[in-house]
> 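Sharing a structure below in structure tokens format, with a few things to ask.
Below, chain A is the first sequence line, B the second, and so on; all start at residue 1.
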Number of protein chains: 2
Amino acid sequence: METPLHTVDLIRKKRDSGALSPREIEFLVAGAAKESIPLEQLSAWLMASWLNGLTLDEVRALTVAMRDSGEKFDPSGLGKIAVDKHSTGGVGDKTSFLVAPIAAACGVAVPMISGRALGHTGGTLDKLESIPGYRTALSLAEFESVLRKCGASIVSQTPKLVPADRVLYALRDHTATVENAGLICASILSKKLAAGLNALVLDVKTGSGAFLRKREDSEFLAALMVATAEAAGTRTVALLTDMDQPLGRTAGNWIEVAECFDLLRGQRPYESEDLRALSVTLAGWMIHLGNKAAAIQEAEKLAEQALVNGSALAIFLKMVEAQGGDLRVFDNPAAAHKPAAMRVLKAWESGYIAAMDTMEIGWAVQRTGAGREKAGEPVDPHAGIVFHARRGARIEQGQPLATLYGTSEAHLDEAETLFKAAIRFSHEAPAAVPLIGKIFTRKNAEVFLARG
Amino acid sequence: METPLHTVDLIRKKRDSGALSPREIEFLVAGAAKESIPLEQLSAWLMASWLNGLTLDEVRALTVAMRDSGEKFDPSGLGKIAVDKHSTGGVGDKTSFLVAPIAAACGVAVPMISGRALGHTGGTLDKLESIPGYRTALSLAEFESVLRKCGASIVSQTPKLVPADRVLYALRDHTATVENAGLICASILSKKLAAGLNALVLDVKTGSGAFLRKREDSEFLAALMVATAEAAGTRTVALLTDMDQPLGRTAGNWIEVAECFDLLRGQRPYESEDLRALSVTLAGWMIHLGNKAAAIQEAEKLAEQALVNGSALAIFLKMVEAQGGDLRVFDNPAAAHKPAAMRVLKAWESGYIAAMDTMEIGWAVQRTGAGREKAGEPVDPHAGIVFHARRGARIEQGQPLATLYGTSEAHLDEAETLFKAAIRFSHEAPAAVPLIGKIFTRKNAEVFLARG
């Protein structure tokens, strides 16, 4: 018979820099999920973990225990390989609306459980809900039915999925224990892996609009997530991608959906080119890991074709319709955009756009009404910012820089102030930053982590 | 106008090894006392403080904020200097019943707010309550009235005194954040200083029966408490004293009171000699700090006289009576001892008593029924252990080593096992350990702490 575990002993062990065993971590996670361990004990353990760090084995045990803490989705009945994409969050990051239908068009199942806007970042669910009628809160049975019909479905977490994360995440938020790679990794992966994925593509943002601004921190998180997910039995790659400017030409809700719709119907506006390129690459990896192409180059070609030949668009519209969305908004996306207030910001000097503090721009977007400061607040589907110039562009004074759409003039006043403070002009062109940096697969992730 | 404080920011600051300002610490302490800050945030702050350490300024601010978190006792109306003694806790530690009446007999007021038995240590209040009728839960008005009449009073904490400590101590107990010098210092001193003391004598135990077993840890705590209490305006000394064997010849409840009664009435049993010597020294320091003797040697002589001439005994009996105690038990203390079970333990080998693991002996005492494992449990006033031999004694096999008194034979079985495991015999006499080690006053405490 195993000896009974006592929470205070586990806290003490972690406090004294020990590593908890999988059984000990399962005990804490089950206690969080069942709410049988008081929050004050969980937060002491979280702070000790934050300060002393979690070992790779602890992170894996934590991820698996959280993944298994509630109900899970089982995609095996779909008869397809289930692959998802997850981004660590940024500004204007809307690749989900492209990669899900592209990968599905290439024969992969994409059971995507997404999140909401918070702070400076937007949320996939809020953006989708700008389509009248679109339902994100599906039961697992409805989720499976949409997946069977369309190959892709984008929904919100059910209340019974990964209950341990719900408790621990809220706790971390108000005990200053959020920004820890091990805890972030377990939180992200447990939710993703509870969808029963065979493979996962991670888009780890780096730069001024990312949660982790420093490249080395982003690299560590990327390698940790790949090693952890692989150890938990899911094939995984992570791409380090640029978040030193917003992705694409829009940040908001409906305007982001509309930008993706343009790409899906074959338009190629210059300001959306980074979004298109990143989406093709991410979808390519999903297709490759989904065993639909032996090489990544080949997989990217398939992704490109699905965009060009309209098969991704067809799946996107089918999915929206299956989840209750009113497709008539796509008859004239511009006419469907009905912001309460709008304002064009013109360049206040001439020069190159040398830097865009993307977190500040994210807060400007939030202030238009498109985002929320606290969980539970409503968002304005029509608010947001359209960018007319990208980092490195040469701009003349008076030229339009951005169009702000907001809930009211007061919202736009705040957003304008934040936006202006985020832009820096220069007489010289800034150095180019590659859109996609390091790519981690199981092997190089393990080598990276072993280096310490 | 000062900017509003947010708990999560203060946790983050401490997490990142910052030092909180007095205002920030007051905010947390007030939040603990008013229960307006959730326990999970307090425990995250406690764990961050445990792991990153508190600065001297933080410890002082914490002590003062906790002291001031509820109602306080004001002894200024007594017309005497108020001096107390506090011990960090051990086994058979009963000096309070001697030093309080001795110091009071020498003209000092002794407003003593004491605690209860927990784990391996006994509690002054539980011991006093073995006197039928003795009330420890006095209001502050009753406390003052007993002090006015007797010069000394030993009571329990009122519910309104130092409410922040009640919350934080319970929290530390189940979040593995107890054993930290700064937190221990603030918890002890806040409760003592809330009695409005002019001076304080600290008895810091070191050795196998102390909470801090290592001499360097005890020295650090002693120096920290002296520097902190002095900075908070209370003259303070700390004596490092031996807890590598029980103090005196008894550990329990009534048997400890009876041992002190014997010393107060002039008896000098050999096995109580360490208790008597330590009490005279501690009371001497109380008298010295109470300005009743210019030199410590002179103060100790006054203390000795108060024991010999019966004036301390008179005050002790007056105090017991004033707090409702039935003095008839002192007519025949042995007859008043009515344990449910008893057993004499004989030496199972011949040799010197080389070591007594005093914490284990403390647990043996607890198992007789004299102590409690969890707060709130009842204690048996008649249970405990009488020691017939001290460390260093030469013992022949079959000679009585100790007499165990317990709530039942089953209690004695457990206590016997623990007691036997705690005793180590040897063919050679162990080195003598001085009863009183280093003494810290303000000056050498500050020098000690400045050395790092």
> Heavy-atom distances under 4.5 Å only: say whether Ile11(A) touches chain B with side chain, backbone, both or neither.
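Both parts, backbone and side chain.
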> Closest heavy-atom contact between Ala176(A) and Val8(B)?
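Result for this residue pair: N-CG2, 3.7 Å.
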> What residues of residues 56-65 of chain A make heavy-atom contacts with chain B at a cutoff under 4.5 angstrom?
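At a heavy-atom separation under 4.5 Å, chain B is reached by no residue of residues 56-65 of chain A.
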> Checking Leu171(A) against chain B: side chain, backbone, both or neither under 4.5 Å from a heavy atom?
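For Leu171(A), the contact with chain B is made by the side chain alone.
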> Does anything in residues 156-175 of chain A form a salt bridge (Lys or Arg N to Asp or Glu O under 4.0 Å)? List the pairs, not counting sequence neighbours.
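Pairs touching residues 156-175 of chain A that pass the test: Asp165(A)-Lys191(A).
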> Quick check on Trp50(A) against chain B: is it the side chain, the backbone, both or neither that has a heavy atom closer than 4.5 Å?
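Contact with chain B involves the side chain of Trp50(A) alone.
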> Let me confirm one number: the CG-CG distance from Leu51(A) to Asn52(B), rounded to the nearest 0.5 Å.
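If I round to the nearest 0.5 Å, the distance is 5.0 Å.
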> Closest heavy-atom contact between Glu40(B) and Ser43(A)?
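Minimum heavy-atom separation between Glu40(B) and Ser43(A): O-OG, 2.7 Å.
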> Looking at Arg215(B), I'd like to know if its CZ atom is crowded, meaning that more than 12 non-hydrogen atoms belonging to other residues, nucleotides or ligands lie closer than 6.0 Å.
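Count not over threshold, so no.
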> Of all of His6(B), Glu179(B), Arg15(B), His174(B), which one pairs up most often with chain A through heavy atoms under 4.5 Å apart?
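The candidate making the most pairs under 4.5 Å is Arg15(B).
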